[in-house]
Amino acid sequence: QVQLVESGGGLVRAGGSLRLSCAASGRSISSYAMGWFRQAPGKEREFVAAIAWSGGDTYYADSVKGRFTIAKDNAKNTVYLQMISLKPEDTAVYYCNAVEGLGSTWYGTWGWGQGTQVTVSS
């Protein structure tokens with residue numbers, strides 16, 4: 001059974017940085033594209049970033065391009081999301097998952113973890 005454990009969230013001021021981690025167990029991520037999603041209060045979960053199984057290609061939502069960087073370490077079975085220049089509108093619970101892309105839409109294909117809360121104060 002696959003488990004995804006997100007960590008690294010916290011409270012940060014606007015303009016600050018955070019690095020999120022997602023540790024997978026029960027299945028190797030090396031053959032899967034992986035991604036990050038987020039869900040703000042009262043809103044639907046939305047796509048943030050994805051990285052190809054090889055790590056060679058990355059994809060970002062327009063709202064985070066140039067500020068967020070996704071990476072994966074297959075040896076550690078971990079996915080990362082480096083976030084800089086954070087804005088209050090980045091406040092959300094962040095989740096990782098294996099992903100599949102269909103057109104411009106991305107879907108999580110494994111079960112969801114508990115997520116990690118990111119709060120950006122103005």
Taking the side chain as every heavy atom from C-beta outward, state whether Gln82 and Phe68 have any atom pair closer than 4.5 Å. no

For residues Val64 and Met83: do they belong to one hydrophobic cluster (side chain heavy atoms under 4.5 Å, members Ile, Leu, Val, Met, Phe, Trp, Tyr)? yes

Please name the pair of heavy atoms, one in Ala40 and one in Ala92, separated by the smallest distance, quoted to 0.1 Å. N-CB, 3.8 Å

Looking only at heavy atoms, what is the nearest atom pair of Val99 and Thr109, with distance? N-OG1, 4.1 Å

Smallest separation among heavy atoms of Tyr32 and Arg27, with atom names: OH-CD, 3.6 Å

Kindly determine whether Ile70 and Val79 satisfy side chain to side chain contact (heavy atoms under 4.5 Å, CB included), including the steps that lead there. CA-CA 7 Å; Ile70 187 171; Val79 186; 4.1 Å; yes

Do the side chain of Thr91 and the main chain of Thr119 share a donor and acceptor less than 3.5 angstrom apart? no

Should Phe37 and Trp112 count as side-chain neighbours, where that means a heavy-atom distance under 4.5 Å? yes

If we ignore hydrogens and angles and just use 3.5 Å, is the side chain of Lys72 paired with the main-chain N or O of Trp53 as donor and acceptor? yes

Check the pair Val120 / Arg13 against side chain to side chain contact (heavy atoms under 4.5 Å, CB included), numbers first and verdict last. CA-CA 5 Å; Val120 184; Arg13 290 187 176 182; over 6 Å; no

Are Tyr107 and Thr105 packed together at the side-chain level, in the sense that at least one heavy-atom pair is separated by less than 4.5 angstrom? yes

Should Val48 and Val118 be regarded as members of a common hydrophobic cluster, given that ILVMFWY residues are connected when their side-chain heavy atoms come within less than 4.5 Å of each other, either directly or indirectly? yes

Do you know the tightest heavy-atom contact between Leu20 and Thr116? CD2-CG2, 4.0 Å

Is the side chain of Gln1 donor-acceptor paired with the backbone N or O of Gly26 at a distance under 3.5 Å, no angle test? no

Linking I/L/V/M/F/W/Y whenever any side-chain heavy atoms sit under 4.5 Å apart, do Ile29 and Tyr80 land together? no

Taking the side chain as every heavy atom from C-beta outward, state whether Leu86 and Ile84 have any pair of such atoms under 4.5 Å apart. no

Under 4.5 Å between any side-chain heavy atoms of Ser17 and Val12, yes or no? no

So, for Met34 and Trp110, which heavy atoms are closest and what is the spacing to 0.1 Å? CE-CZ3, 4.3 Å

Heavy atoms only: give me the nearest Thr78-Ser21 pair and the separation to one decimal. CG2-CB, 4.3 Å

CD1 of Ile51 to CG of Asp57, rounded to nearest 0.5 Å, is 9.0 Å

I'd like to check Leu81 versus Thr69 (side-chain heavy atoms, cut-off strictly below 4.5 Å). Are they in contact? no

Is it true that Tyr59 and Trp106 have ring centroids separated by less than 6.0 Å? yes

Report, as yes or no, whether the 6.0 Å neighbourhood of atom CD on Glu46 holds more than 12 heavy atoms from other residues, nucleotides or ligands. yes

Output the distance between atom CD (Glu6) and atom SG (Cys96), rounded to the nearest 0.5 Å. 4.5 Å

Validation row: Trp36, Tyr94 side chains within 4.5 angstrom (heavy atoms): yes

Between the side chain of Asn74 and the main-chain N/O of Asn77, is any donor-acceptor distance below 3.5 Å? no

Just wondering, do Phe47 and Arg38 contact through their side chains at under 4.5 Å, heavy atoms? no

Give a yes or no on this: more than 12 heavy atoms of other residues, nucleotides or ligands lie within 6.0 Å of atom CD of Glu89. yes

Only counting residues at least two apart or in another chain, list the ones meeting salt bridge (charged side-chain N to carboxylate O under 4.0 Å, His left out) with Arg67. Asp90

